[in-house]
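Working notes for the structure below.
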Amino acid sequence: MAIEDTRRAVQRVVDQLCEQGILTATVEVSLERPKSRDHGDYATNVALVAAKYSTIPPRELGNLIAERLSLDPAFTEVTVAGPGFVNIKLSARAQGEIAQRAVELGSAYGRNDTLTGKSFNIEFISANPTGPLHLGHTRWAAVGDALARVLAAAGADVTTEFYINDRGVQMDKFGASVMAASHGDSVPEDGYHGGYILDLAAAIVRLHPEFAQLSLSDQLVAYREAAYALQLQQQKDVLGIFRTHFDVWYSERRLYESGAVERAQSRLEEQGHVYSSDGALWLRTTTFGDDKDRVLIKENGERTYFAADTAYYVDKRMRGCDTAIYLLGADHHGYVNRLRAVAACAGDDMDENIEVLIGQLVKITRGGVEVKLSKRSGQIVTLEELVEEVGVDAARYTLARYPVDTPLVVDLEEIARKANDNPVFYVQYAHARISSVLRNARDLGVNWREAEFQPELLNSDQENELLGVLEKFPAVIATAAELREPHRVARYLEELATAYHRFYDACRVLPRSDEELSESHIARLWVCAAAQQTLSNGLDLLGVSAPEKM
RNA sequence: GCCUCCGUAGCUCAGGGGAUAGAGCGCCGGUUUCCGGUACCGAAGGUCGCAGGUUCGAAUCCUGCCGGGGGCACCA
């Protein structure tokens, strides 16, 4: 019996009390899984909350609720504790059915419809195509991709998007740097200095020897465009290795070429938030909480980067998403208010249609010594290097298991050296261990799926605990999606792995050599399969593999 | 100065108003006749930055302060 069924049962009792005039108003029942097992499978504070609407003190109210609930055969024990908590113990049968449900739903177990009918556009990373992706982008690759999967698992329609900043002076500096390198000259002072510039230059000289014949100004363009194409492809390749998929790669140039910038501007003008001043064209973002108004078109006639931002937002919405989610680094937090104001200026609801998630930066240490990241000096740790050093699974899991608003310190040596102590391996190990047990069952000719499953046999503390954890999975996904916090999935998996290991330690799954196969073994195999499925589903949400052997 | 995030065990961090504040690492001590010991059990370790407030109840919500990170462009 799932938590929601139980909650409804309690709700019915509370509603009844209201109808009978014992409560002057009914209250929404919230049910939780208590931290301590002594407090039952489920607990509710409803008596404490409802006491406001009654002359009866909380504890007595609790007794009243408990009395009525205990009539339900699904509950073996309903008690009142402390100031008035009602603690509920499920029957082994009601609890055990969870295993069967998880197995039968398979990869769909955990999916729910809390966000069904809502569409999201999630934009993350959005790096300049002027260099390799580095660690600053990596947290977003892991978190953004996991968030997209979590939202989809909660029923939402999700589009992931990467915005390519391929216009402006940075691109020209990039092109000039590569051209200089290809001529054997030193790179301009304000250019890009990483070793990758030399590699790009060498590749282009090999692919396009004819560039040398062009005039210098034509060469600059040719080198810029060739380097852009190579660098963008390199970013795509690395993200592919990192299992981070983007549905849409949206180029800033396309934004201009498609007329989206003009369309957005006229949209904003229609809404009446655009004005001229000092020879420039402004958007009145202060109406919606920004510190100052922002310039769309500069005095010299050029559009600002901000103009492109507004166009991009309007374009996303016109392409059909309900909510545009932006994942930005803490160094961009000053953009939050203006972006929200843009939405409002475009006539949208800035609490509904736009969400900006700010993530704190990742500090990297290697053997306890901080690794300074600086693109200018070329001292960078790239996403590619990280993957080579620790692997995709460890990198993704490590970056996705923390809430994004806490600064993160990751020690590269520690992740690499102590791979076995890493939480990701703990979780993966649980999956591999179960896989092994199920393999052994197959080798013994045990066909547990065809045998009768008797959930009431699962009555030990460890089985009970494990089933309880399994049951929470859909709720964990729903919460992670609702709060945009995919790290909750990782934390949940660690809890599940622990519950499984304890179960495994206490409960023999397969018959020993001198034992006959019993219904109890069958029931435990169902639990194993349910745990395996749930671990696999959860790891998949994080983009981490679920190995059958390690 | 203004905005924002953070402050929880020696270290790295979980804890979306509830009961005795948790995990991993590190440290100390245990557990195995056969299913993966990369596991499990136990011990030690805390003024949850400080002070008020709201509440039956605050690590959690509010206010102020202290300390730290980041940000405050007609840059891209």
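Below, all heavy atoms of this structure are taken into account, side chains as well, without hydrogens, waters or symmetry copies.
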Item to complete: Quick one: label A430(A) by what it contacts on the DNA or RNA (base, sugar-phosphate, nothing), any heavy atom closer than 4.0 Å.
Response: nothing
Worksheet item: Between the side chain of H501(A) and the main-chain N/O of T498(A), is any donor-acceptor distance below 3.5 Å?
Response: no
Worksheet entry | Complement of rG52(B), any strand, by Watson-Crick or G-U distances under 3.5 angstrom | rC62(B)
Worksheet item: Can you tell me how far P in rC11(B) sits from the matching atom in rG49(B), rounded to whole Å?
Response: 14 Å
Worksheet entry | Selection from rG37(B), rG18(B), rC41(B) that lies nearest to any side-chain heavy atom of P83(A) | rG18(B)
Worksheet item: Does rC11(B) have a Watson-Crick or wobble partner in any strand here, with both distances under 3.5 angstrom, and which is it?
Response: rG24(B)
Worksheet item: Quick one: D278(A) CG to rC74(B) P, roughly how many Å, whole number?
Response: 11 Å
Discussion item. Distance alone, cut at 3.5 Å: any donor-acceptor contact between the side chains of N165(A) and Q170(A)?
Written reply: no
Worksheet item: Given the C1' atoms of rA9(B) and rA23(B), what is the spacing between them in whole Å?
Response: 11 Å
Worksheet item: Which whole number of Å gives the distance between the C1' atom of rC28(B) and that of rU33(B)?
Response: 29 Å
Worksheet item: Are side-chain N/O atoms of Q231(A) and T130(A) paired as donor and acceptor at under 3.5 Å?
Response: no
Worksheet entry | rC13(B) base stacked by Y402(A) (centroids within less than 5.5 Å, tilt under 30°) | no
Worksheet item: Does NZ or CZ of R167(A) lie under 6.0 Å from the centre of the six-membered ring of Y256(A), at an angle within 45° of the ring axis?
Response: yes
Worksheet item: N45(A) near the nucleic acid: base, sugar-phosphate alone, or nothing, with a heavy-atom cut-off under 4.0 Å?
Response: base
Worksheet entry | Pair R254(A) + E257(A), salt bridge at N-O below 4.0 Å | no
Worksheet item: With sugar-phosphate meaning primed atoms plus P, OP1 and OP2, does N337(A) contact a base, only sugar-phosphate, or nothing at under 4.0 Å between heavy atoms?
Response: nothing
Discussion item. Roughly how many Å apart are rG46(B) and rG10(B), using the C1' atom of each and rounding to a whole number?
Written reply: 12 Å
Worksheet item: How long is the line joining CG of L483(A) and P of rG15(B), in whole Å?
Response: 10 Å
Worksheet entry | T406(A) side-chain N/O to rC13(B) phosphate OP1/OP2 under 4.0 Å | no
Practice prompt. Remember a base hit wins even if backbone is also touched, and classify M171(A) as base, sugar-phosphate or nothing at under 4.0 Å, heavy atoms.
Written response: nothing
Worksheet, complete the sentence: Separation of rG15(B) atom P from E494(A) atom CD, nearest Å, is 11 Å
Worksheet item: Do F503(A) and Y500(A) have their ring centres less than 6.0 Å from each other?
Response: yes
Worksheet item: Quick one: which of rG36(B), rA39(B), rA76(B) gets closest to the side chain of Y305(A)?
Response: rA76(B)
Worksheet item: Is there a donor N/O on one and an acceptor N/O on the other, under 3.5 Å, for the side chain of S435(A) and the base of rG36(B)?
Response: no
Worksheet item: When we call it a touch if two heavy atoms are under 4.0 Å apart, what does C528(A) touch: a base, just sugar-phosphate, or nothing?
Response: nothing
Item to complete: Would you classify L296(A) as touching base, sugar-phosphate or nothing, given that sugar-phosphate means primed atoms plus P, OP1 and OP2, and contacts are heavy atoms under 4.0 Å?
Response: nothing
Worksheet item: Got a donor-acceptor pair under 3.5 Å from the side chain of S436(A) to the base of rC35(B)?
Response: no
Worksheet item: How is P58(A) classified with respect to the nucleic acid when contacts are heavy atoms under 4.0 Å: base, sugar-phosphate, or nothing?
Response: nothing
Worksheet, complete the sentence: D405(A) atom CG is separated from rG68(B) atom P, nearest whole Å, by 21 Å
Worksheet, complete the sentence: Closest to the side chain of R512(A), out of rU12(B), rC41(B), rC34(B), is rC34(B)
Response to the item:
Per nearest nucleotide of RNA chain B, the residue lying toward the 5' end, V295(A) or E548(A), is E548(A)
Fill in: Polar side-chain contact N87(A)-rA19(B) base: donor and acceptor under 3.5 Å
yes
Practice prompt. May I ask you to say what V437(A) touches in the nucleic acid, namely base, sugar-phosphate or nothing, with a heavy-atom cut-off under 4.0 Å?
Written response: base
Item to complete: Using distance alone, with no hydrogens and no angle criterion, decide if Y397(A) and N422(A) have a side-chain donor and acceptor under 3.5 Å apart.
Response: no
Worksheet item: Taking the side chain of W282(A) as heavy atoms from C-beta outward, which of rG18(B), rC74(B), rA76(B) is closest to it?
Response: rC74(B)
Discussion item. For a quick check of understanding: with a heavy-atom distance under 4.0 Å over all strands, which category does E299(A) fall into, base, sugar-phosphate or nothing?
Written reply: base
Practice prompt. Look at all strands and tell whether K52(A) reaches a base, only sugar-phosphate, or nothing, counting heavy atoms closer than 4.0 Å.
Written response: nothing
Item to complete: Rounded off to whole Å, could you give me the CG-to-P distance for the N422(A) and rA39(B) pair?
Response: 12 Å
Response to the item:
Separation of rU12(B) atom C1' from L408(A) atom CG, nearest Å, is 9 Å
Practice prompt. Can you check whether any acceptor in the base of rC5(B) is under 3.5 Å from a donor in the side chain of H333(A), or vice versa?
Written response: no
Worksheet item: Is H39(A) stacked on the base of rA19(B) when the test is centres under 5.5 angstrom and planes under 30 degrees?
Response: yes
Fill in: Proximity to the side chain of R508(A) - top-ranked nucleotide from rU12(B), rC35(B), rG15(B)
rC35(B)
Worksheet, complete the sentence: Picking from rU12(B), rG18(B), rA14(B), the nucleotide nearest the side-chain atoms of V409(A) would be rU12(B)
Discussion item. For rA76(B) and K298(A) - does any side-chain N or O of the residue sit under 4.0 Å from the phosphate oxygens OP1/OP2?
Written reply: yes
Worksheet item: Could R508(A) and E515(A) be called an ion pair, given the rule that one side-chain N must be under 4.0 Å from one carboxylate O?
Response: no
Worksheet item: Base, sugar-phosphate alone, or nothing: which one does Y335(A) contact when heavy atoms must sit under 4.0 Å apart?
Response: base
Discussion item. Base, sugar-phosphate or nothing for K292(A)? Non-hydrogen atoms, less than 4.0 Å.
Written reply: sugar-phosphate
Worksheet, complete the sentence: I358(A) CD1 to rC6(B) C1', in whole Å, measures 14 Å
Worksheet item: Ring of Y429(A) versus six-membered ring of rA39(B): centres under 5.5 Å and planes under 30°?
Response: no
Fill in: Selection from rG70(B), rG16(B), rC35(B) that lies nearest to any side-chain heavy atom of T479(A)
rG16(B)
Worksheet item: Under 4.0 angstrom, heavy atoms only, what part of the nucleic acid is D293(A) near: base, sugar-phosphate, or nothing?
Response: nothing
Discussion item. Using the P atom as the point on both nucleotides, what is the distance between rC5(B) and rU47(B), in whole Å?
Written reply: 27 Å
Item to complete: Round to a whole Å and report the spacing from CG of D291(A) to P of rC74(B).
Response: 12 Å
Worksheet item: Per the side-chain contact (heavy atoms from CB on, under 4.5 Å) rule, which among N337(A), D309(A), L283(A) passes with V342(A)?
Response: L283(A)
Item to complete: Select from R294(A) and P407(A) the residue whose nearest nucleotide in RNA chain B is closer to the 5' end of that strand.
Response: P407(A)
Discussion item. If I pick the P atom on rC61(B) and the same atom on rC2(B), what distance separates them, to the nearest angstrom?
Written reply: 23 Å
Worksheet, complete the sentence: Regarding the side chain of M550(A), the nearest nucleotide among rC5(B), rC40(B), rG36(B) is rG36(B)
Fill in: Sugar-phosphate only, base, or nothing, as touched by E252(A) at under 4.0 Å among non-hydrogen atoms
nothing
Fill in: Proximal nucleotide (of rG69(B), rG36(B), rC40(B)) relative to the Q360(A) side chain
rG69(B)
Discussion item. Looking at rA23(B), I'd like to know if its phosphate oxygens (OP1 or OP2) sit under 4.0 Å from a side-chain N or O belonging to H487(A).
Written reply: no
Discussion item. Which residue is it: R338(A), H273(A), R284(A)? I am looking for the one with a side-chain contact (heavy atoms from CB on, under 4.5 Å) to D293(A).
Written reply: R284(A)
